[in-house]
Amino acid sequence: MTDAPLIEIEGVEKYYGDYHALRGITAGIGAGEFFSLLGPSGCGKTTLLRAIAGFEDISAGRILIAGRNMDGVPPNRRPTNLVFQSYAIFPHLSVAENVGFGLRRAEMSTADKRRAVGEALEMVGLGQYGGRAAHALSGGQRQRVALARALILKPKVLLLDEPLSALDKKMREQMQVELRRLQRQVGITFVLVTHDQEEALIMSDRIAVMFEGEIAQLDAPEALYRRPASRKVGEFIGMMNFLPAQVGVSGVTQGGIAVEVAGLGPTVLQSAQCPGAARPGAAEVGVRPESLTVLFDEGTPAAHRATGRVDEITYYGDMTYYEITLEGAPKSVQVSARNMPGRRLLDRGETVALAWDPSSLVLFC
Amino acid sequence: MTARPLFIFAGLYLLVLYAPIVLLPLFAFNDGTVIAFPLQGFTLDWFAALLDTPALHDATLNSLIIAVSTAVFATTLGLFAARAATRYRFPLKGGIVGFIMLPLVLPEVIVAISLLVVLMQIGIDPGLWTIILGHTLISTPFAIAILQGSFSNMDNSLEEAAIDLGETRWGTFRLITLPLVTPGIVASLLICFTISLDEFIIAFFLSGNAPTLPVYLWGQLRFPARLPVVMALGTILVALSVILLMIAETYRRRGLRRAGLKDTGGFL
Amino acid sequence: MGDRRPVNALSKALRSDAGRGLTLVSPALIYALLLLAAPLAVIVLFSFWTQNFLTIERVFTLDNYRTALTDPLYATLMQRSISIAGMVTAVTVILAFPVAYYISFYVRPERKSLWLFLITIPFWTSYLIRVFLWRVILAFDGPVNGTLMGFGVIDQPLPWLLYNATAVVITLAHAFAPFAILPIFVALEKIDRALLEASRDLGESPAMTFLRVTLPLAMPGVLAAVLIVFIPTVGDYVTPRLVGGSGGTMIANMIYAQIFDLNDRPMGATLAVLAMTIVALTLIWAISRVRLWLWLGGRISGRARLLVLAAPVAEIALIGWVIGQGPAIFGLIPALLALAGAVLVSSAAILFSVPRGRFAV
C-alpha cells in the first residue's frame with residue numbers, strides 16, 4: 001500500500017444516455033504530483049475531473065483517493081477542492097468571506113479563521129483585498145481568490161477546470177508560472193484540465209492526453225513530446241511533420257527497423273522509436289520541425305542530409321518557420337530555425353540542404 | 001428612420017398611455033359631483049367618504065387577504081417551477097412549462113367560467129378561497145417569469161462551489177442560492193400581490209358574497225352619484241400599484257447588482 | 001441488501017436531473033392540471049350536455065353547437081369579437097413597433113429599463129379602472145366633448161364617441177399597448193447590430209436594410225405580440241360591458257349572460273369552447289400563412305410575388321363563402337367541420353414543411 005498512488009482511477013466508464021463519455025479510464029496520480037488532463041473539447045477530460053470531485057456519478061469502475069473508495073461520497077465529503085472554470089466567486093460576499101467560506105464548519109476560533117484567510121490571501125498575493133466586494137475584481141484576481149478559497153481547506157487534491165482559459169495571453173503566462181510555484185510550495189496534488197497543450201507541457205509533471213473518452217497516452221511532458229504514442233497525439237502536441245515511409249521486408253531485425261523515408265532516404269530506427277509493433281509495408285514517419293536543421297553553410301558536415309525547396313516563410317521574430325518540399329517527398333514539411341545574429345533568412349524558391357538525425361524520428365505503422 | 005421623429009412618436013405614445021390615469025387624481029380631488037371639465041376646486045371629501053363606507057372596508061380586507069395569500073402561494077409554486085425550468089432537464093419540459101404559463105394568454109373569462117362551473121358542480125360555494133385559487137393560477141406564470149430571470153442570472157457553478165467547499169445542500173441553499181434569489185422573490189411577491197389586488201374578472205365570477213375591491217368598485221359604477229368616490233378609490237389603488245411596482249423594480253435591480261450583472265430590461 | 005435495491009433505484013431516479021426537475025415542477029404542474037386542465041375538460045364536457053331548468057341533462061348531444069352556430073345572434077357576436085380583436089391587434093402592433101424600435105435602437109442602454117418600466121406601469125394598474133376611465137373620457141359630458149365644444153369645434157356633444165364598437169377598439173388598444181411593445185422589443189434587442197452594418201456595407205440603403213434585415217428578424221416578436229394581444233381581447237368582458245353599448249357587445253358578455261342570467265351553463269360552455277376553437281384555428285391559420293409568405297417572399301420575385309401576396313385574400317374570400325353558403329349546400333355541421341379540417345390540415349402541412357427559419361414563435 002505504501003507506494004499506491006494518491007488517486008487511483010480504475011476502469012471508469014460514464015454514459016450520458018447513449019453517449020459514452022468515458023471509456024474505461026485507468027490511471028494513478030501520485031501524491032504531490034502536478035497532473036494534467038489534456039485533450040480537445042468533448043474528449044471527457046472535464047467529466048473525469050468532475051467525477052473525481054464528486055459532481056458526476058460514474059457508470060462503472062471506481063475512483064479511490066488515499067485508498068478510500070469514493071463511490072457514493074458527495075463532493076462536500078471528499079478530500080478534493082475544485083477551482084471552477086468560471087471561478088464561481090460568490091458575488092454577494094466579500095473577498096475574505098469567499099476565501100473563508102469553507103471554514104464555516106471548521107472547529108476553529110474566529111481569530112484563527114481570520115488568520116487563515118489572511119494567510120491564504122497573502123499566498124496568492126491578494127493580502128490587501130480582503131474587504132473588497134467580490135464582483136468588483138478583475139479576472140486574474142478572481143482566479144486568485146478561487147485558488148485561495150480552495151487551498152485554505154488544505155485538500156489532498158486540488159482540481160482545476162481550465163482555470164486560465166478566461167485570462168488574456170500575458171496574464172495566462174504569468175499565472176502558469178505562479179500556479180507551478182504555488183503547487184511546489186503547498187505540495188498538494190494538482191489535477192489540471194486544459195485544452196492548451198503548451199500550458200500542459202509547461203506546468204505538468206505528467207500529462208494524460210485524452211481523445212473521445214479514452215486516455216491516448218500518459219507520460220511526462222518530454223516523453224510525450226519526443227515519443228508520441230500515436231500520430232494523433234503527435235499532431236495534438238506541438239507541431240509534427242508526417243512523411244510517407246516504407247518498412248523493409250527484411251525489416252524488423254535485432255539491429256533495428258530498416259525504413260525508407262520519402263525525402264530523407266533509407267535509415268535504421270531503434271524499436272523504441274516505434275510505438276506499437278513495426279511490420280513491413282507502408283507506414284509514416286513523424287518528425288518535429290526543429291529536428292530538421294537548415295544548413296546555412298553548405299559545407300557543414302552532417303551524417304544525414306536532405307535537400308529541398310523553400311515554398312513559404314513565416315517569420316516569428318525569434319524563430320522562422322520554413323515550409324520546405326523535400327526532394328522525393330509528396331508534400332512539404334515545416335522546418336523551424338532559430339534566428340541568430342548574423343544569420344540570414346532564406347528566400348522563397350531557394351534550394352537548401354538540411355541535416356537530420358534518425359534518433360529524432362518516430363515511426364507510426 | 002431617424003431618432004427625432006421616433007422620439008416624438010414614443011413621447012406621444014407615453015403621453016396617451018398615461019392620459020387616462022392622470023385624470024384619476026384630477027377628479028378625485030375635484031369639488032364637483034359630475035366627472036367633467038372644467039374642474040370645480042380642490043376637496044378631500046371623496047376620500048373622506050371612503051372612510052365611512054363599511055362595505056368598502058370589508059372589500060378592502062377581503063382584497064388584502066386574497067392578495068397576500070395569492071402572492072405567497074404563487075411565489076412558492078413559481079419558485080419550485082422556475083428552479084426546475086432553469087436548472088434541470090426533464091422529459092416534456094417545454095410542454096409542461098408552456099402549459100403552466102398558459103393562463104398568461106388565456107382569456108380570463110375562460111379561466112373564470114371553467115373554474116366557476118367546476119366549483120358549482122362540486123358544490124363548493126364561491127368565496128375568498130375560490131378567488132385565491134383562481135388568482136394563484138393566473139399569478140403563477142408571472143412569478144415563474146420573474147424568478148426564472150433570477151435563477152438564470154445565477155451561475156450554476158456557484159452552488160457546486162459551495163458544496164465542493166464542504167457545505168451541505170441545505171447550507172448551500174441558505175448561504176448562496178437564497179441570498180442571490182431573494183430580490184427576485186420579493187419582486188415576485190409584490191407583483192403577484194398587485195395582480196391579485198387589481199384582478200376583476202375572476203374575482204367577479206368567483207366572489208359570491210365576499211366582494212374584493214375591484215368587484216365593489218364595479219358595483220359602484222352603476223351609481224353616477226358615487227363616481228367621484230370611485231375616482232378617489234381608483235386613485236388610491238393605482239397609487240398603491242405604482243408604489244409596489246417601484247419597490248419590486250428596485251429589488252430586481254438590486255438583485256442584478258448583487259449578481260454583478262448589467263441591467264438589460266424590465267420584467268418578463 | 002436485496003430489499004434495499006428498489007429503494008435505491010427509486011432514490012437514484014429521484015436524484016437524477018430529470019427526477020429533481022420533475023419533482024420541483026410538479027406542484028405547479030399539478031396545480032395547473034387541477035385548476036386549469038380539469039376545468040377546461042369539464043367545460044368541453046358540459047358543452048355536449050343540456051340544461052333542463054335547474055338540472056343538467058347528461059345526454060350527449062350536439063344541440064348546443066347547432067343552436068350556437070345557426071342562431072344569427074351568436075354568429076354576429078362571434079364575428080364581432082374576432083374583428084374587434086383583429087383591429088385591436090393591428091392597431092396595437094402597428095403603433096407599438098416604432099416605440100419598441102426607438103427604445104431598442106436609439107435609447108442609451110442604461111436608460112432602456114427606465115423606458116420599459118414607464119411603459120409597463122399602466123399595465124400593472126387596475127384594468128377595470130383604466131377601462132372605466134375611458135368611459136369617463138368618451139362620455140357625453142366627458143373631457144373630449146367638453147374640450148371640443150370649448151374650442152368651438154362642435155356645438156353639440158358627439159354622441160357616437162361612446163357605446164359602440166369603435167369605443168371598444170380604442171379602449172382595448174390602449175389597455176393592451178404594453179403587451180405588444182415588450183415582445184417586439186425583445187426580438188429587436190436580439191438582433192446583432194453587426195448584421196445591420198453588414199447590410200449597409202454590402203450596399204443596401206437604410207430603408208432596404210430595415211425591410212430586408214431588421215423587419216424579418218423582428219418577426220418572431222411581432223407574431224408573439226399578435227398572440228399576446230389577440231387571444232385575451234377576443235374574450236374580453238369588461239370593456240364591451242363598460243363602453244360597448246349594445247353595438248359593442250362581445251362573445252364573453254354572452255357567455256356570462258348564459259351562465260348567470262339565463263342559467264344555461266351548457267350553452268355558456270358551448271360558446272366558450274367555440275370561442276377557444278375559433279381563436280385557435282384563426283391563429284394557426286395566421287401563423288402558418290405568415291410563415292409561408294415570409295418563406296416564399298425570399299424566394300420569388302416579380303409578378304409571381306404579387307400572386308403569392310394575393311393568395312391569402314383569395315383564401316379569406318373562399319373561407320367567407322364557405323361560412324356564408326356552405327351550410328345551405330352541404331349542411332351546417334359538415335360544412336364547418338370540413339372548413340376547420342381544411343384549415344388545420346393546410347396549416348399543419350405548411351408548418352411542418354416550410355422551414356421555421358428565424359420566424360419561430
Side-chain angles (χ1 to χ4, degrees), chain B residues 1 3 6-7 9-10 13-14 17-18 20-21 23-24 34-37 77-78 80-81 83-85 88-91 93 96 99-100 102-103 105-107 109-111 113-115 117-118 121 133 137 140 194 198 200-201 214 217-218 221 234 237-238 241-242 245 249 263 265-268, chain C residues 17-18 20-22 24-25 27-29 31-32 35-36 38-40 42-43 46 95 98-99 101-102 106 112-113 116-122 124-130 132-134 136-137 141-143 146-147 177 182 227-228 231-232 234-235 237-238 252 255 259 265 268-269 272 276:
Chain B
M1 276 191 260
L6 275 176
F7 172 73
F9 182 83
Y13 190 94
L14 271 187
L17 209 57
Y18 278 89
I21 295 173
L23 289 182
L24 265 180
V34 187
I35 304 296
F37 290 107
L77 290 176
F80 290 126
R83 168 81 174 169
Y88 297 104
R89 262 191 270 173
F90 49 90
K93 182 172 167 178
I96 289 175
F99 172 64
I100 296 173
L102 192 60
V105 289
L106 221 53
V109 171
I110 303 282
V111 176
I113 62 149
S114 58
L115 272 176
V117 166
V118 168
Q121 214 53 34
L133 288 177
L137 183 71
T140 304
T194 313
D198 290 338
F200 168 67
I201 291 287
L217 216 146
W218 174 264
L221 294 183
L237 267 180
V238 167
S241 298
V242 171
L245 268 176
E249 172 73 4
D263 197 354
F267 296 119
L268 308 177
Chain C
D17 248 28
R20 285 220 174 97
L22 283 172
L24 283 173
V25 85
L29 176 63
Y31 193 84
L35 278 108
L36 185 64
L40 286 179
V42 170
I43 285 289
F46 257 68
L95 290 181
V99 180
Y101 186 83
Y102 173 74
Y106 292 105
K112 280 181 184 173
S113 64
L116 289 180
F117 186 58
L118 282 177
I119 281 167
T120 36
I121 283 182
W124 296 107
T125 59
S126 170
Y127 176 62
L128 181 64
I129 291 175
R130 277 182 290 143
F132 160 69
L133 284 170
W134 274 102
V136 173
I137 292 170
D141 49 3
T147 313
L182 288 181
L227 287 180
I228 287 181
I231 302 177
V234 171
Y237 172 82
V238 175
I255 296 175
I259 289 177
R265 285 183 227 157
M276 283 192 287

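Letters go in sequence order (proteins before strands), and every chain restarts at 1.
Among B/Leu237, B/Thr140, B/Ile100, the residue making the largest number of heavy-atom pairs under 4.5 Å with chain C is B/Ile100. Looking only at heavy-atom pairs under 4.5 Å with chain B, the residue among C/Ala38, C/Ser126, C/Pro27 that has the most is C/Ser126. With chain C as partner, the option from B/Ser241, B/Ser114, B/Ala10, B/Pro214 having the largest number of non-hydrogen pairs under 4.5 angstrom is B/Ser114. When each of C/Gly235, C/Ala32, C/Pro39 is checked for heavy-atom pairs under 4.5 Å with chain B, C/Pro39 comes out on top. Heavy-atom pairs under 4.5 Å with chain C peak, among B/Ala81, B/Pro20, B/Pro103, at B/Pro20. Taking chain C as the reference chain and counting heavy-atom pairs below 4.5 Å, the highest number among B/Leu221, B/Ile21, B/Val109, B/Leu102 is found for B/Leu221. When the candidates C/Leu24, C/Val25, C/Ile121 are compared by the number of heavy-atom contacts under 4.5 Å with chain B, C/Leu24 comes out ahead. Of the residues considered (C/Val42, C/Val234, C/Leu95), C/Leu95 shows the highest number of contacts with chain B, using heavy-atom pairs under 4.5 Å. Among the candidates C/Ala269, C/Pro122, C/Gly268, the residue making the largest number of heavy-atom pairs closer than 4.5 Å to chain B is C/Pro122. Between chain C and the residues B/Ala84, B/Ala85, B/Gly78, the most heavy-atom pairs under 4.5 angstrom are made by B/Ala84. Annotation: maximal heavy-atom pairing with chain B below 4.5 Å, among C/Ile255, C/Val136, C/Thr125, occurs at C/Thr125. Note: B/Leu77 leads B/Leu77, B/Val111, B/Thr194, B/Leu106 in heavy-atom pairs under 4.5 Å with chain C.
Only the side chain of C/Ile43 comes within contact range of chain B, with heavy atoms under 4.5 Å apart. Using a 4.5 Å cut-off between heavy atoms, C/Ile259 contacts chain B through its side chain alone, with no backbone atom that close. Contact of B/Val242 with chain C is made through the side chain alone, with heavy-atom distances under 4.5 Å. Heavy-atom distances place both the backbone and the side chain of B/Leu133 under 4.5 Å from chain C. Heavy-atom distances place both the backbone and the side chain of C/Leu40 under 4.5 Å from chain B. With a 4.5 Å cut-off on non-hydrogen atoms, C/Leu128 touches chain B through its side chain but not through its backbone. Only the side chain of B/Tyr13 comes within contact range of chain C, judged by heavy atoms closer than 4.5 Å.
Considering CD1 of C/Ile137 and CG of B/Leu23, their distance stands at 4.5 Å, rounded to 0.5 Å. Taking CD1 from C/Ile228 and CG from C/Leu182, the interatomic distance works out to 8.0 Å, rounded to the nearest 0.5 Å.
Side-chain contact check for C/Leu22 versus B/Tyr88: every heavy-atom pair is 4.5 Å or farther apart. Between C/Tyr102 and C/Val99 the shortest side-chain heavy-atom distance does not fall below 4.5 Å. Between B/Phe200 and B/Trp218 the shortest side-chain heavy-atom distance falls below 4.5 Å.
Listed here is the closest heavy atom pair of B/Phe90 and C/Ala18: CB-O, 3.6 Å. Shortest non-hydrogen contact noted between C/Tyr101 and B/Leu6 is CD2-CD1, 3.6 Å. The minimum heavy-atom distance linking C/Ala252 with C/Tyr237 is given by the pair O-CD1, 3.9 Å.
For B/Phe80, the CZ atom is loosely surrounded, since the number of other residues' heavy atoms within 6.0 Å does not exceed 12.
Residues satisfying the ring pair (Phe, Tyr, Trp, His ring centres under 6.0 Å) test with C/Phe46, not counting sequence neighbours, are C/Trp49. Considering only residues two or more places apart in sequence or on other chains, B/Pro107 meets the side chain to side chain contact (heavy atoms under 4.5 Å, CB included) condition with B/Ile110, C/Ile231.
Side-chain N or O atoms of C/Tyr127 include none that pairs as donor or acceptor with a backbone N or O of B/Ile201 at under 3.5 Å.
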